[in-house]
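Below is one structure, written out as structure tokens, with a few remarks after it.
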Amino acid sequence: MDALEAIRRRRSVREYTGESIPRKDLERIVDAGRLAASGSNQQPWDFIVITDRATIKQLKTAAHWMEKAGAIIAVVMNPSSRWWVEDGAAAIENMLIACTALGYGSCWLEGYTLPREEEFKNLLGIPKAKRLLTLVPVGVPVEWPTKEKKPLVEVLHWERY
Ligand SMILES: Cc1cc2nc3c(=O)[nH]c(=O)nc-3n(C[C@H](O)[C@H](O)[C@H](O)COP(=O)(O)O)c2cc1C
């Protein structure tokens, strides 16, 4: 699948079969994250790949359906970098697209993660000075959602708004 096709197909997947994911594929997904653009090339990120079922069970307080993910990737950012949120977002989107290209479902789980940030930082041993931006569950999808998007003609403007 080429990059544009993966971008077109990507959707948030919240239902997984429970199958595990080969380590090699998880490495390729994180590799896509760490290759993202970042302000001043600071690359202010770390990625924790969680496959341990007991830990996944504790993380599922953010979203019960995560329990059937094959893995969860925690995106850890250094907030001393000026563009840490934008950089984190770029890395997350790269990983979501990589998941799609490899046939896995994934979801950007930030709204449910931030309220539990301190709890999850303790659980995952994340240093105090770092921020846990998002959890990205990755799994074999039960089905592929087809959420509608605004049509191109509605959002594309040529020359002026
Ligand atoms: C910043 C951000 C935070 C998000 N947080 C959550 C979340 O906490 N829980 C969740 O189920 N989905 C979350 N999502 C996924 C969105 O709900 C999803 O991207 C949106 O509904 C569009 O659907 P699509 O991803 O299938 O295109 C988040 C997405 C973004 C970009």
Side-chain angles (χ1 to χ4, degrees), residues 1-19 21 25-26 28-30 32-39 42-51 55-79 81-124 126 130-156:
M1 193 185 304
D2 74 14
L4 288 180
E5 181 61 17
I7 289 167
R8 258 192 298 271
R9 277 207 206 171
R10 186 216 57 81
R11 290 293 182 277
S12 294
V13 175
R14 300 181 177 87
E15 219 184 325
Y16 312 111
T17 61
E19 285 164 76
I21 297 172
D25 286 348
L26 291 167
R28 291 177 80 189
I29 293 163
V30 172
R34 63 121 195 150
L35 290 169
S38 66
Q42 291 281 297
Q43 307 173 56
W45 42 54
D46 286 278
F47 306 91
I48 308 172
V49 179
I50 303 132
T51 56
T55 311
I56 289 178
K57 217 169 193 161
Q58 285 177 271
L59 291 170
K60 79 161 188 180
T61 56
H64 66 90
W65 45 265
M66 277 205 305
E67 189 166 9
K68 288 214 158 177
I72 296 175
I73 301 170
V75 179
V76 179
M77 301 300 298
N78 183 346
S81 186
R82 180 170 163 195
W83 295 284
W84 70 276
V85 175
E86 293 89 334
D87 295 347
I92 294 161
E93 185 69 13
N94 267 15
M95 291 196 291
L96 300 182
I97 294 164
C99 286
T100 309
L102 293 170
Y104 298 115
S106 58
C107 186
W108 184 322
L109 209 83
E110 185 169 324
Y112 298 161
T113 303
L114 288 180
R116 297 167 182 81
E117 185 183 2
E118 285 313 307
E119 175 194 334
F120 292 165
K121 277 176 70 177
N122 285 335
L123 177 68
L124 300 174
I126 298 169
K130 300 282 174 83
R131 296 291 308 269
L132 171 60
L133 181 61
T134 295
L135 297 176
V136 180
V138 183
V140 175
V142 169
E143 60 175 4
W144 205 268
T146 51
K147 193 172 260 183
E148 283 302 313
K149 296 289 173 182
K150 289 181 185 174
L152 184 63
V153 288
E154 200 183 296
V155 296
L156 170 63

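These numbers come from a predicted model, not from an experiment. Start at 1 and go down the list; that is how both ligands and their atoms are numbered. Hydrogens, waters and symmetry mates are skipped; everything else that's a heavy atom, side chains included, is used.
- What sits closest to atom 31 (C) of ligand 1 on the protein, heavy atoms only, is Trp108 CD2, 3.6 Å.
- Distances from atom 16 (C) of ligand 1 to the heavy atoms of Glu93, Glu110, Arg14 show the closest one on Arg14.
- With a 6.0 Å radius and a threshold of 12 heavy atoms from other residues, nucleotides or ligands, Lys68 has its NZ atom at or below the threshold.
- Contacts between Ala89 and ligand 1 below 4.0 angstrom, taking non-hydrogen atoms only, are absent altogether.
- At the shortest separation from atom 27 (O) of ligand 1 among protein heavy atoms lies Lys149 NZ, 2.4 Å.
- At least one side-chain heavy atom of Thr134 sits under 4.5 Å from a side-chain heavy atom of Trp108.
- Residues Glu119 and Arg116 are not paired through a salt bridge, judged by the lack of any N-O separation under 4.0 Å between the basic side chain and the carboxylate.
- Under 4.0 angstrom from ligand 1, the non-hydrogen atoms of Lys147 all belong to its side chain.
- Of the N or O atoms in Thr113, none lie within a sub-3.5 Å distance of an N or O in ligand 1.
- Close approach of ligand 1 to Trp65 is summarised as follows: ligand atoms under 4.0 Å from at least one heavy atom of the residue are 11 (O).
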task: Would you check, one step at a time, whether the test side chain to side chain contact (heavy atoms under 4.5 Å, CB included) holds for Val76 with Phe47?
output: CA-CA 6 Å; Val76 179; Phe47 306 91; over 6 Å; no

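- Open room surrounds CZ on Arg28; 12 or fewer heavy atoms of other groups in view lie less than 6.0 Å from it.
- Salt bridge present: Glu117 and Arg131 bring a charged side-chain N and a carboxylate O closer than 4.0 Å.
- The shortest N or O to N or O distance between Gly111 and ligand 1 is under 3.5 Å.
- Nearest protein heavy-atom contact of atom 26 (O) of ligand 1 is Ser12 N, 2.7 Å.
- Between Val136 and Ile29, the closest side-chain pair of non-hydrogen atoms is not below 4.5 Å.
- The closest approach between any non-hydrogen atom of Ala63 and ligand 1 is not below 4.0 Å.
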- request: Please test Tyr16 against Val142 for side chain to side chain contact (heavy atoms under 4.5 Å, CB included), starting from the C-alpha separation and ending with a verdict.
  value: CA-CA 5 Å; Tyr16 312 111; Val142 169; 5.5 Å; no

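- Annotation: Arg11 places no N or O atom under 3.5 Å from an N or O atom of ligand 1; distance criterion only.
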